[in-house]
Structures are given as structure tokens and as C-alpha cells.
Number of protein chains: 2
Amino acid sequence: MVTLAEVAQHAGVSASTVSYVLSGKRSISVNTRQRVERSIRELGYHPNAGARALASSRSNIIALMIPLRTDMYVPVMMEIAIAVATTARTHGYDVLLLTGEEGPDAVRRVAGSGLADGMILMDVELDDERLPLLRETDRPAVLIGLPADTTGLTCVDLDFKATGALCVEHLAKRGHHDIAVIGEAPAVYERHTGFAERTLDGLRARARELGLRLLHRPCEGGYDAMAVTLARILDERPGTTGFVVQNESAVEPLLALLRQQGRAVPEDVSVVAICPEQVAVQASVRLTSVAVPAQEMGRLAVEQLVAKLDGRGGDEVVLIAPELTVRASSGPAPAQ
Amino acid sequence: MVTLAEVAQHAGVSASTVSYVLSGKRSISVNTRQRVERSIRELGYHPNAGARALASSRSNIIALMIPLRTDMYVPVMMEIAIAVATTARTHGYDVLLLTGEEGPDAVRRVAGSGLADGMILMDVELDDERLPLLRETDRPAVLIGLPADTTGLTCVDLDFKATGALCVEHLAKRGHHDIAVIGEAPAVYERHTGFAERTLDGLRARARELGLRLLHRPCEGGYDAMAVTLARILDERPGTTGFVVQNESAVEPLLALLRQQGRAVPEDVSVVAICPEQVAVQASVRLTSVAVPAQEMGRLAVEQLVAKLDGRGGDEVVLIAPELTVRASSGPAPAQ
DNA sequence: GAAAGCTGTCGAAGCGCTTCGACAGCCTAT
DNA sequence: ATAGGCTGTCGAAGCGCTTCGACAGCTTTC
């Protein structure tokens, strides 16, 4: 391995000069800079990460924690993770992938060992057990999701409450009075995952304001579970004509079941989904939906974290405004 | 931050002794060990990762490269990534997540900087541009997937050729003579991704041996693309009664279209899928399928890599034998 | 009872980098 | 002309750990 010292010798300068060329922390004459850069290229020099981390107490790594709960919709997570990794690179950081397996102690380990300069936590529960640990370390962190108590924390998330409201409004405008909400798997609610509950809050609040009836049912997803759930809903509220679906794996089953029962979408019933764009577009009926902006969430989280690492910006809750895209699964708005 | 020296002082021993307690590389008396361990606990000591990496030239990190091609089926990738991360932890390694954005140079950067001790490459093409770079570094690596030339490389993958053969055999036994293969998106074949071509080889070879007719069509996935593809297939080979699907996002559309056309599954046509277990089980018709063992691939890759890092084991191609699970989408075997 | 071999511990060197203070040489303002 | 300020470079200290050789104090062996 080529070292700084070898580059310095090759370029006929001191080691510190090479270091300053690399970091740009002191001014260097054009001449010297070019000589050094040339040596770096010719020798194929790469700074040693460990040495750098030791000397500067900065690893240029950010940790990304994805607690692995199998009931979570995985592709969204993946999309976020990828966005985090690529955005991090544009700021000179690499990303360390931590799964839930290790439990909350991973926070302590990573912070304590200086492995990562900061961390991003995904899939945050309302009362997440990682938060106390996070608060006791000094490392900057950003949450993707919203816990119950956000004091002293930086969070990035879709505004799920507004999302819920938006869905209800849309259906109300289409003239629907009885609305059913197909939610995430029961376990998601039992865990008190923020986004699910906040969506529900938004749905309920706006439904009340607009005088609509709202029925919420968690659903495991898949055909069998969806069939049972739908039967129960229609049994309890036969007049249901509006559906809000917040469960990736229930979308297609729902459409198939409705079709099978002779309920045409969007003529008889309207469906609004909260899901990634791609799912909405690829479904058998192109779905009116509020997109879950996974990429943007990942990107924003990194940018918030980098800002904190640079000593800029403080604690902040960044909520992304939802956008509803009308497609083929909800009827046309009645003429005004 | 607590340092080794502070632990040593607290325990009344030298720094090297603490180091040996930690690494177990020299024998330590029970008494001393316990004193040291107690100090470690009381002070909340975590070894500094950078210092460790510098002194030992081992980072205890493995890099996982996921080139981001949007036409790839993402959830499988995610599952592999998660399996890699958790398995790595059980061997004392952390995982660095690299995306394709950075290009093949990432290999050089990571190897050159000593950031990672070894790497795992996913989504390997037959003639992957990362391979030359990989061969010129000395860092151990494991590929998930199979390139054209595997000399000097360790690879882990499902035996896709055998998988193809298995699917054809299954359909042959069910009495199907005209078989259509719904493949991955065209881009996947244009890229010469190993798994897609190997599956096709297996399908074709066995079909020839068994005297079946085989029609292969790539497909983008989604309803519209699938509708076009299916129409063309049935136009060209109206007698097609067996389908092999190797494209996640074409599965459900295919089932819906067949249903819509009055072709009953499995009475009129049989469908065999090559996909993750979960997809097969959650489909509207429970699918006879060969599972893509994402978790096992991730696990095996890490284990191969760790073996190499420990100086055990050499270059090896590990092919996982495919297993076909009969479910509801293929007819009963005819009585013998 | 001397030689040889263990076992458990220590001291010191060094891994490759960053960063601080020093300072030579030059320019500007008085 | 002289003090003061820049600019560009260097030397040296030190980040926290691993690891090598040394060695004191034992036990074993013939």
C-alpha cells in the first residue's frame, strides 16, 4: 500500500503538505498542488481510512439502522437505503448497514467505537427503545419517522397526518360517504409505529370534519387475509364505496376481489392508495395515490445529518407535504 | 471517550494486557482477565475502530456492492442485503453498503483505503466490469451470481440452469407440450446478467431433451406490458398451456390476464414461477415455484468470505440446488 | 540440581494520518 | 527603512490500538 509519506517523497514535499493538499485546510501554491496531485495519481495513492479516522476522529461513515420487522413493507426500506447510500457518497460519506438483529445496543457499539460519525434510524416507533441510547451519546442522528417525543431529535418523514386528510378529502369530493381504510398488518399498530397511527389520525379527523363515516381495519395483506377483511367490512358497512389502502401487499388482492364481486373501479367504488409510485402505476387499475417519497426521505435524512455533522442546523422535524395523484381508480369529480 | 490506557490503569495492568484480554491472542490468568473485564464494564469502554484498523490493518468491515439497476427486482436484493448484514455481525463484521452510482471505481477506493477487509458483489453480469479491478486488488471477494469466467473467483448462486430444467420437467410431467417463458425485462438480457441466461439455458436444454416446444419472451412486468406479451405468445403459439415466469412483477398480471381470458389455472394452464417464496404464497393463486433463496445466498456469501479472510478455503463456486414446491398453479401429475 | 520449557505480563515501537505551532520569504502600509 | 501581515511550507507530536520481543517466575525433565 502506498502511504502519504511515499507520496510526499515522490513529490519532494513534506507529509503535512500532502495532507493539506488533500484536505484543502491550508492554502497551497498551485505549483506544489499540481506536483502532489500528479504523484498521487502516478502512485495510485488512497488514504488509509483507519489512520484518517484515528487522527481526525472522523470516520466519514454514517450508520443506517434498519430494524428488521418482517411485517414491514420491505421495498420502501430498500429504496430509502439506496437513496441514503448514494446521497451520502455525494457528501463524502460511506454508509454502514445495521439491522435490527443486534438490538438497540448497536447504537452504543457504533457510537462508542467511533465507527460512524452519525446515524440514521429507520422504522421508528412512537416510543422507540433506541431513543434513550441515542440521546445519551453525543453523535448526531436523524430519524426517518416520527416518535412520540421529538424534543432534541431531528426527524424526516412524510406528513402522514396530512396524507390521511388528503385521501379523505379526495373521496369526499367524489361523493363517497362510507369509507373503509385497509391498514397495515395488526402488528404494525401494536408496535405503535408512528406513520400508521398518524395516517389514521389524519383520516379520522378529516372524516369527522366532513361528516363521513370511516371504518378502519388492519390487514395482513395477501389474498386470503384481504378476502376476509373485505367481507367483514362489507358486512358491517354494505354502503362502503370509498377505500383507502395503506398496505402494499393488500392493493392487488383488493382490486381483484372487488372485480370478482362485480364492483367496478372506479364506477362503483373508488380506491386511493398510500404507496410507492411504482406500485400505483403497475397495479391492474392505475391507482389514485399519495406517493411515499422514499428517495426523498433518504436524501433529506442524509442532508440533515451532514448539516449537523458540519455544525450547521439544529434539531428539526421535516415533514414532507403529501401529493395526491389522480389516476384511474377514483371517479371523476362531480361537475361543480 | 474511554481508552485502552484508562482501562489498563483502572485495572492495574499494562495496556498490552488489556489488548490481549480483548483479542484472546495470548493466555491471561483468570484473575487478571476478570479484573480487566470488570474495568471494561465499569468504564463503559469500547475499542476505537479507527485505531484498531490502523494498528491491525483489519477493519472488520465487509463491503456489499449493489449496483443499482432499476430493472432489477429489488426485494430480493434487500433480502440478500439483510441476510449479509446479520450474518456478518455473527462473525464480528459490519457491512458497508455501496451502490452502483459510484461505478466500478468503488472497488478500488474501498480496497485501496483499507475501509473494508473484503467485499461481496451482487448482481454480477457475465462480463462484469468490476472483475478486472477485483482481480488486481488483493482483497478477498465473493460474488453473488456467476460471471462468464470464474477462475480465481468465489461465487455463490442458485443453480439457475438446474432451476430451468426443473421447471420444464415439472410441466412436462403435467402433460404440457407448449411452454412459454415469461422472462425478465429485456434490459436484463441485454446486460447479460448471468442468472437470466443460465435459466434460459436450462429451460431450453431440457425442453429439447424432452421434445417440448419452448417460447421465451422477455417482459417488462406490470399489466400493460404483460398483456402485450401474452397476446403475442398466444398469437404465435395458441396451444401454449405451460408458463414459466421469472419476473416478479409479471406474476400477478399474468394470473389476472389468464383469468380474464377464461383460461383457468391450473385446469387449463399451469404456471410455474421462479421467485421468492413469499411472492409465490401471496399470489392470487398459490404458485408452484422454485424459490430464490435470497437469505441463504446472503448467508453463504458471508461465510465464504469470512473463510477466506481467515485464510481458510480457496476459490469455489457454490451453487445452491433448486427446490420446486408444488402449489395450486400446476395441475396434478397424471396417474402413472 | 542444572537445563529447558511454560505461562503471564510488560514495555516499546509503530501503524498512517491530521494538525498545531513555527518560520522563511515576501508584500504592504506607514 | 521598518514593523506588521500574509502565504506557503515544514517538523513533530500524537490519535488509540496491536504486536513483538523480553523476561520473571514457575514447573518439568533427565
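Heavy-atom basis, side chains included; hydrogens, waters and symmetry copies ignored. Lettering follows sequence order; numbering is per chain, from 1.
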Compare side-chain N and O positions of S29(A) against OP1 and OP2 of dG8(D) and report whether any pair is under 4.0 Å apart.
no
Could you note down all residue pairs passing salt bridge (Lys or Arg N to Asp or Glu O under 4.0 Å) where residues 17-40 of chain A supplies at least one of them, sequence neighbours left out?
R38(A)-E42(A)
Of the listed nucleotides dT9(C), dT7(C), dC10(D), the one nearest the side chain of I28(B)
dT9(C)
Below 3.5 Å, can you tabulate the donor-acceptor pairs from side chains in residues 44-52 of chain A to any protein atom, sequence neighbours excluded?
none

Residues passing the side chain to side chain donor-acceptor pair (under 3.5 Å) test with E6(A), sequence neighbours excluded, are T3(A)
Residue-level proximity of residues 32-44 of chain B to DNA chain D when a heavy atom falls under 4.0 Å
none
Reading nucleotides 11-20 of chain D from 5' to 3' and marking B where a protein heavy atom lies under 4.0 Å of the base, S where only the sugar-phosphate is that close, and - otherwise, the string is B--BBBBBBB
Below 4.5 Å, heavy atoms only, C-beta onward: do V156(B) and E296(B) meet side chain to side chain?
no
Over the length of the helix from dG1(C)-dC30(D) to dT30(C)-dA1(D), how much do the five-pair end axes diverge, rounded to 10 degrees?
30°
So, D149(A) and T151(A): side-chain donor and acceptor under 3.5 Å apart, yes or no?
yes
Between M77(A) and I82(B), is there a side-chain heavy-atom distance shorter than 4.5 Å?
no
So, do R89(B) and E101(A) sit near enough that their side-chain heavy atoms are less than 4.5 Å apart?
no
What distance separates L97(B) CG from I61(A) CD1, expressed to the nearest 0.5 Å?
12.0 Å
Flag the pair L309(A) / H91(A) as yes when at least one side-chain heavy-atom distance between them is below 4.5 Å, and no otherwise.
no
State, yes or no, whether a side-chain contact exists between L134(A) and L143(A) at a heavy-atom distance under 4.5 Å.
yes
